[in-house]
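So that the names make sense, note that chain A is the first sequence line, chain B the second, and so on, each numbered from 1.
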Amino acid sequence: MRKNFWLVKSEPDDYSFEQLRKDGSIGWTGVRNYQARNYMRDQMKLGDGVLFYHSNAEPPAIMGIAEVSKESHPDPTQFDSKSDYYDAKSKKDSPTWMMVDIKFVEAFKRPLTLPELKKAKGLEKMLLLRKGQRLSVMPVSSEEWKRVLALAGNEA
DNA sequence: GCCAACGTTGGC
DNA sequence: GCCAACGTTGGC
């Protein structure tokens, strides 16, 4: 089975890659965008590679690698009235919001910053670099995956 | 179904 | 803190 590749964004003040390293794995809760949900629900498979990106960070950067450790399941925060992510319209028998779990794989020796990614050859089409691209979960091509790992010095 | 108003994301 | 680029909402 062919692996697919993804990039997830997180604000480090909210949930950092360092925290994922400590936690080992985490349920990727709180995604409230339909396109991002559809990727998680329909396409993210066990073992898929995940680039972990810090947004709203100084500097914004890809920090390292995670992988999908549990496929699509309902995001419990949508049913929690105390959660910021509560969705009163979502029904338990047909949840609106799905999530995957991801687990820590390895940190880059050196974070790959946004300015470096913009300068890099071969990443011109990367969705992350597209103007106005605000998806918190987005696909990465296998070529881009290889290129990013090579730039980070983390080739297998 | 259109689209203006509003809210959010995220780089800078 | 600013603001461009979205996505969502809701009146009509």
Show me the donor-acceptor pairs, under 3.5 Å and distance only, between side chains in residues 65-72 of chain A and residues at least two apart or in other chains.
residue, atom, partner, partner atom, Å
A:S69, OG, A:D101, O, 3.4
A:E71, OE2, A:L46, N, 2.8

If you restrict it to nitrogen or oxygen atoms, what contacts under 3.5 Å exist between nucleotides 8-12 of chain B and the protein, and what is each distance?
residue, atom, partner, partner atom, Å
B:dT8, O2, A:R134, NH1, 2.5
B:dG10, OP1, A:K9, NZ, 2.7
B:dG10, OP1, A:R134, O, 3.0
B:dG11, OP1, A:Y53, OH, 2.6
B:dG11, OP2, A:N56, N, 3.0
B:dC12, OP1, A:K118, NZ, 2.5

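In this structure, A:V105 is a member of the same hydrophobic cluster as A:M63, with clusters built from ILVMFWY side-chain heavy atoms closer than 4.5 Å.
For A:W6, the side-chain hydrogen bond (donor to acceptor under 3.5 Å, both in side chains) partners two or more places apart in sequence, or in a different chain, are A:D48.
For the helix from B:dG1-C:dC12 to B:dC12-C:dG1, the terminal axes (five pairs an end, C1' atoms, rotation from four pairs onto the next four) enclose an angle of 10°, given to 10 degrees.
For the pair A:Q35 CD and C:dC6 P, the computed distance is 12 Å after rounding to whole Å.
Salt bridge status for A:D87 with A:R32: absent, with no side-chain N to carboxylate O gap under 4.0 Å. Under the 4.0 Å criterion applied to side-chain N and carboxylate O atoms, A:K146 and A:E143 are not assigned as salt-bridge partners.
Hydrophobic cluster of A:M98: no remaining members, since no ILVMFWY side chain lies below 4.5 Å from it.
A:W97 pairs in a ring pair (Phe, Tyr, Trp, His ring centres under 6.0 Å) with only one of the listed residues (A:Y86, A:Y34, A:F79), which is A:Y34.
Applying the side-chain hydrogen bond (donor to acceptor under 3.5 Å, both in side chains) test to every pair with at least one member in residues 111-121 of chain A, sequence neighbours left out, gives these pairs: A:R110-A:E116, A:T113-A:E116.
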